[in-house]
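Input: a single structure, listed below in structure tokens.
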Amino acid sequence: MSADSIKKALSGDISIGSIVKIQGWVRTRRDSKAGFSFVSVHDGSCFDPIQVVAPSDLANYSEEIQKLTSGCAVICTGELVESQGRGQKFEIQASAVKVTGWIDDPDTYPIQPKRHSFEFLRDVAHLRPRTNTFGAITRVRHVAAQAIHRYFHENGFFWINTPIITASDAEGAGDMFRVSTLNMTNLPHNEDGEIDYEQDFFGRETFLTVSGQLNVEGYCQALSKVYTFGPTFRAENSNTTRHLAEFWMIEPEIAFADLDDLADLAEDFLKYVFQAVLDECPDDMAFFAQRIEPKAVERLETLIGAPFVRVDYADAIDILRNSGQKFEFKPEWGLDLQTEHERFLTEKHFDAPVVVKNYPVEIKAFYMRLNDDGKTVAAMDVLAPGIGEIIGGAQREERLDTLQQRMAEQGMDAETYSWYVDLRRYGTVPHAGFGLGFERLITYITGMSNIRDVIPYPRVPGRADF
RNA sequence: UCCCCGGUAGCUCAGUUGGUUAGAGCGGGUGACUGUUAAUCACUAGGUCGUUGGUUCGAGUCCAUCCCGGGGAGCCA
């Protein structure tokens with residue numbers, strides 16, 4: 001017979017008395033001398049494990065079932081019955097329990113039915129998905145990803161698979177990972193004594209992408225509403241709870257749109273994703289609220305129900321300066337907001353996500369649209385309590401001469417970006433887009449405090465295990 | 001990269017002003033008991049105290065070094 005997921009077995013959709021087969025991994029085993037053992041089995045399909053009641057008259061009872069420990073893989077067949085005990089509605093009265101995989105040395109099996117530190121679990125990243133917390137994170141991550149695609153699809157956006165290997169540095173800042181097939185122990189050199197990248201695979205220097213934005217702009221100015229959702233790489237030596245060297249980024253780009261349109265999109269989009277997770281992962285979210293972040297559910301509900309706070313950069317600076325709060329770095333027009341400033345705005349002053357708009361031109365990237373005041377650009381950041389910047393975006397500079405002037409000011413290579421400038425030469429339109437760090441979003445939703453714990457196998461400076 | 005904190009049993013931790021044989025809970029094993037719920041009770045096994053060097057009669061404890069981890073900052077998503 002075919003197997004059912006534990007989710008289905010617990011759903012109430014299977015009639016009592018049916019014979020079911022479930023397959024999964026043992027979480028705990030409790031023996032009763034009354035003649036049976038309780039085996040708690042999970043398969044990842046839902047938060048709850050199912051309780052399998054294995055009677056002592058099973059052929060392999062004393063030889064196998066009584067020797068089950070956490071982590072053993074089992075296939076259980078039996079009657080789905082209403083539970084006689086408290087704590088679960090249904091359970092399986094087993095007629096057969098087949099053990100497909102034992103634990104080599106139960107004494108040293110890392111995943112025990114107890115609380116582990118997240119630091120320890122990072123060292124066993126291949127086994128941590130078996131825990132409650134990482135099972136829940138994985139399901140939430142999946143549901144959020146699906147909701148993101150669904151939101152865009154339903155709103156007429158096209159998913160654009162921008163290249164992962166690139167020759168251009170999309171933001172003019174930040175170290176990139178080099179992509180090369182040259183023999184590193186015997187590098188070819190040109191006449192000037194420099195490394196001869198003409199002999200490399202692509203005939204030039206190439207890197208892993210730090211953003212799909214520049215590429216997606218081309219598709220935006222043809223298909224109007226587009227987005228990217230893919231892996232992104234930053235070789236910065238950042239050692240924080242909110243940075244990864246490899247992460248997933250979502251970058252919508254909309255044509256015939258200005259900064260306010262973009263802020264509207266960011267707000268509508270985030271609310272949709274939050275609602276989807278609340279709707280589709282109630283058990284997992286309840287777990288986060290119970291064990292990880294007490295306000296995990298409440299704050300999402302609050303956020304969905306109220307408009308986002310929007311504030312101009314200049315006004316944010318005034319709020320900070322008049323706050324009476326002592327800051328290590330004094331807030332000043334022209335300087336970027338420090339983490340302490342963002343925290344004050346999101347956690348104390350507004351106690352909500354905040355959209356900060358119109359930053360000084362000096363502190364923002366070349367492609368952001370210059371405002372009429374000549375001092376600011378149409379950029380926006382969405383700041384979330386506890387996380388900081390979750391979204392960074394801007395209306396793009398669509399005017400050819402202004403863009404060229406800004407590129408020249410920053411000493412950028414016109415040749416490398418000629419194709420990007422072309423987009424302003426041929427049917428240019430006002431357009432805007434933002435970048436959302438997927439893992440930062442998951443961090444915010446779940447209340448997990450370290451971004452390394454919301455991606456399956458984190459890559460950070462000095463570590464690429466697994 | 002900078003600042004601070006940490007590294008003791010499979011895991012989570014305690015370990016006094018430096019002093020005999022380094023402890024607990026959970027997990028593992030054995031037994032008892034029970035429709036159990038991270039079950040309970042008893043017994044039991046399990047440690048190169050991160051590395052290297054130094055101070056000392058004596059170092060888990062003090063100093064230096066390196067390695068690793070965590071938190072904060074910068075940069076950003």
Side-chain angles (χ1 to χ4, degrees), chain A residues 27-40 48-55 66-67 69-71 81-88 91 93 103-124 127 131-132 170-171 173-175 210-213 228 231-251 266 291 328-329 336-340 342-343 363-365 381-384 387-393 434-444 449-453 455 460-463 465:
Chain A
R27 190 151 268 151
T28 60
R29 187 199 86 234
R30 296 175 292 276
D31 296 328
S32 168
K33 277 298 184 299
F36 39 81
S37 292
F38 300 102
V39 185
S40 193
D48 289 320
I50 195 165
Q51 176 159 282
V52 175
V53 183
Q66 284 199 300
K67 290 176 180 164
T69 56
S70 293
V81 298
E82 285 187 65
S83 180
Q84 295 174 37
R86 277 177 217 145
Q88 61 280 316
E91 63 191 19
Q93 192 67 38
I103 296 299
D104 260 4
D105 178 8
D107 190 34
T108 57
Y109 179 62
I111 308 300
Q112 301 166 0
K114 59 162 292 198
R115 188 175 185 83
H116 292 96
S117 69
F118 293 130
E119 293 85 350
F120 166 71
L121 290 172
R122 272 170 228 152
D123 291 334
V124 287
L127 298 173
T131 63
N132 281 330
E171 310 204 21
D175 295 322
V210 295
S211 167
Q213 179 205 319
T228 72
T232 308
F233 308 87
R234 304 259 169 109
E236 256 111 37
N237 192 5
S238 295
N239 294 286
T240 79
T241 53
R242 54 194 182 280
H243 285 90
L244 292 165
E246 176 185 274
F247 63 100
W248 287 63
M249 187 153 67
I250 299 115
E251 297 168 294
R291 298 290 287 272
E328 192 183 338
F329 295 92
D336 217 342
L337 295 178
Q338 301 286 316
T339 297
E340 58 177 337
E342 296 180 354
R343 293 185 75 107
I363 59 174
K364 288 293 181 183
D381 284 351
V382 179
L383 311 177
I387 316 288
E389 186 178 338
I390 193 169
I391 281 179
F434 64 75
L436 165 70
F438 185 52
E439 284 75 18
R440 287 192 180 174
L441 179 71
I442 302 302
T443 301
Y444 184 67
S449 53
N450 195 317
I451 201 165
R452 299 172 190 201
D453 298 326
I455 191 168
V460 295
R463 292 206 73 159
D465 305 327

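Quick caveat, the model's predicted, so the values are computed rather than measured. Letters A, B, ... mirror the listed sequences (proteins, then strands); counts begin at 1.
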Whole angstrom value for the distance that separates [atom2] of [N] from [atom1] of [X]:
X: A/Trp248; N: B/rA77; atom1: CH2; atom2: C1'; value: 15 Å
X: A/Phe120; N: B/rA9; atom1: CZ; atom2: P; value: 12 Å
X: A/Arg343; N: B/rG74; atom1: CZ; atom2: P; value: 11 Å
X: A/Phe434; N: B/rC76; atom1: CZ; atom2: C1'; value: 16 Å
X: A/Asn237; N: B/rG74; atom1: CG; atom2: C1'; value: 11 Å
X: A/Glu246; N: B/rA77; atom1: CD; atom2: P; value: 17 Å
X: A/Ile451; N: B/rA77; atom1: CD1; atom2: P; value: 12 Å
X: A/Ile103; N: B/rG29; atom1: CD1; atom2: P; value: 12 Å

request  = Mind running side chain to side chain contact (heavy atoms under 4.5 Å, CB included) on A/Arg440 and A/His243 for me, showing each step along the way?
outcome  = CA-CA 9 Å; A/Arg440 287 192 180 174; A/His243 285 90; 3.6 Å; yes
Using the [atom1] atom as the point on both nucleotides, what is the distance between [M] and [N], in whole Å?
N: B/rU48; M: B/rU34; atom1: C1'; value: 43 Å
N: B/rA38; M: B/rA45; atom1: C1'; value: 23 Å
N: B/rA39; M: B/rC26; atom1: P; value: 11 Å
N: B/rA59; M: B/rU20; atom1: C1'; value: 14 Å
N: B/rG58; M: B/rU17; atom1: C1'; value: 15 Å
N: B/rU1; M: B/rG47; atom1: C1'; value: 37 Å
N: B/rU44; M: B/rC66; atom1: P; value: 45 Å
N: B/rG7; M: B/rG50; atom1: P; value: 8 Å

Can you find a side chain N or O atom of [X] that sits less than 4.0 Å from OP1 or OP2 on [N]?
X: A/Arg463; N: B/rG69; answer: yes
X: A/Ser238; N: B/rG74; answer: no
X: A/Thr241; N: B/rG72; answer: yes

Considering only side-chain heavy atoms of [X], which listed nucleotide, [options], is closest?
X: A/Glu389; options: B/rC11, B/rC76, B/rA32; value: B/rC76
X: A/Asn239; options: B/rC76, B/rC11, B/rA73; value: B/rA73
X: A/Asn450; options: B/rG35, B/rC76, B/rG71; value: B/rG71

Set of residues satisfying side chain to side chain donor-acceptor pair (under 3.5 Å) with respect to [X], sequence neighbours excluded:
X: A/Gln88; value: A/Ser83
X: A/Arg115; value: none
X: A/Thr69; value: none

For [X], give me all partners under side chain to side chain contact (heavy atoms under 4.5 Å, CB included), at least two apart in sequence or on another chain.
X: A/Phe118; answer: A/Leu121, A/Arg122, A/Thr133, A/Phe134, A/Ile292, A/Met448, A/Asp453
X: A/Thr339; answer: A/Arg242, A/Arg343
X: A/Ser32; answer: A/Ala34, A/Phe36, A/Phe38

query = If you measure from the Lys or Arg side-chain nitrogens to the Asp or Glu carboxylate oxygens, is any gap between A/Lys33 and A/Asp31 under 4.0 Å?
reply = no
key: Sidechain N-carboxylate O distance under 4.0 Å for A/Arg463, A/Asp123   = yes
Touch check for [X], heavy atoms < 4.0 angstrom, all strands: base, sugar-phosphate only, or nothing?
X: A/Ile390; answer: sugar-phosphate
X: A/Ser40; answer: nothing
X: A/Leu244; answer: base

key: Ring centroids of A/Phe247 and B/rA77 base under 5.5 Å with planes under 30°   = yes
query = Does a donor on one side chain sit under 3.5 Å from an acceptor on the other, for A/Glu251 and A/Ser211?
reply = yes
ask   = Do you see a donor-acceptor pair shorter than 3.5 Å between the side chains of A/Arg234 and A/Thr232?
value = no
Using a distance-only criterion (donor-acceptor N/O pair, under 3.5 Å, no hydrogens), is the base of [N] paired with the side chain of [X]?
X: A/Asp107; N: B/rG10; answer: no
X: A/His243; N: B/rC76; answer: yes
X: A/Gln338; N: B/rG74; answer: no

query = Pick the nucleotide of RNA chain B nearest each of A/Gly388 and A/Thr108; which residue has the one closer to the 5' end?
reply = A/Thr108
query = With nearest nucleotides of RNA chain B determined for A/Glu439 and A/Pro461 from heavy-atom distances, which residue corresponds to the more 5′ nucleotide?
reply = A/Pro461
message = Could you work out, with ring pair (Phe, Tyr, Trp, His ring centres under 6.0 Å) as the rule, every residue matching A/Phe438, not counting sequence neighbours?
response = A/Phe229
request  = Tell me the stems RNA chain B sits in, counting at least three consecutive Watson-Crick or G-U wobble pairs, each under 3.5 Å on both distances.
outcome  = B:1-7 with B:67-73, B:10-13 with B:23-26, B:28-32 with B:40-44, B:52-54 with B:62-64
request  = Scan nucleotides 36-42 of chain B nucleotide by nucleotide, 5' to 3', and note B when protein non-hydrogen atoms come under 4.0 Å of the base, S if they reach only the sugar-phosphate, - if neither.
outcome  = BBBS---
